[in-house]
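Notes for the one structure printed next.
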Amino acid sequence: GLSNSFTNSCGTIAILLALTFTAKRIVTGRPLFRYLAAVTMFLSALLHPFEFFVMLPASTLALLWAARSSGKWREAIADCAWNVGATVAGLLPTLFLAFRYQWISDLSTVLTERMYPTGLLAMYGLPCILVVYCLLLRYRPVSPSDHVLAIWFVTTGVIVCLPYCPYPPH
């Protein structure tokens, strides 16, 4: 329904912003994009604590992948630490409420629907099928931004199929 459209839209915007800032950080090396990505992850975790399940692993993998080819491990680890710290700080109010009120923590045991890759393809339709098709064609990313995009697609597909990940009810 429309009741969740605002939060879902904000979550999608947060993922796009965080991964755009991550890609810009990798391409330009400017520290500004480290902080912008961290602030985006903080606000996303604070306001809609679901997208960090995709944002944090995708950005971490992209940063470490870029460090592998550039040799800038120290910067990549610092970026990852900023992202993890900002996400944990944003999750603190939700974690506090989950530990303080039993009914909030019980929600995680009620909503345990599993998602399978075939369901993912059916839900997202032709764009998702084309992404999988292009990845199976052994598409080679050319630029660092292409790597971030490919890592994001693969990470999303893997994360949503993990058991007990709250994506299906989300």
Please round to the nearest 0.5 Å and tell me the distance separating atom CD of Glu51 and atom CG of Leu16. 10.0 Å
What's the spacing between His48 NE2 and Ile15 CD1 if we round to 0.5 Å? 8.5 Å
Transitive ILVMFWY side-chain link Phe33 to Leu17, under 4.5 Å: yes
Apart from Ile77 itself, what residues make up its hydrophobic cluster when side-chain heavy atoms of I, L, V, M, F, W and Y under 4.5 Å apart count as a link, directly or indirectly? none
For the hydrophobic clusters of this structure (ILVMFWY residues joined by side-chain heavy atoms under 4.5 Å, transitively), does one cluster hold both Ile26 and Met55? yes
Joint hydrophobic cluster, Trp65 plus Leu61, side-chain heavy atoms closer than 4.5 Å: yes
Val84: which residues meet the side-chain contact (heavy atoms from CB on, under 4.5 Å) condition with it, sequence neighbours left out? Leu56, Val88
Applying side chain to side chain donor-acceptor pair (under 3.5 Å), can you list everything that pairs with Trp82, at least two apart in sequence or on another chain? none
Enter the distance from Leu46:CG to Thr94:OG1 here, rounded to the nearest 0.5 Å. 7.0 Å
I'd like to check Thr60 versus Asn83 (side-chain heavy atoms, cut-off strictly below 4.5 Å). Are they in contact? no
Please tell me if the side chains of Phe21 and Leu32 come closer than 4.5 Å, counting only heavy atoms from C-beta onward. no
Close side-chain approach of Val54 and Trp152, heavy atoms under 4.5 Å: yes
Can you sort out the partners of Leu91 under side-chain contact (heavy atoms from CB on, under 4.5 Å), two or more places apart, ordered by chain and number? Ala45, Pro49, Phe52, Thr87, Leu95
List the atom pairs, donor and acceptor, that lie under 3.5 Å between side-chain atoms in residues 67-74 and the rest of the protein, sequence neighbours left out.
residue	atom	partner	partner atom	Å
Ser69	OG	Ala66	O	3.0
Ser70	OG	Ala66	O	3.0
Ser70	OG	Lys72	N	3.3

Any pair counted as side-chain hydrogen bond (donor to acceptor under 3.5 Å, both in side chains), so long as it reaches residues 23-46, sequence neighbours left out: Arg25-Asp79, Arg34-Asp79
Nearest 0.5 angstrom please: Leu64 CG to Cys80 SG, how far? 4.5 Å
Over all atoms of both residues, closest heavy-atom pair of Val148 and Ala62: CG2-CB, 3.8 Å
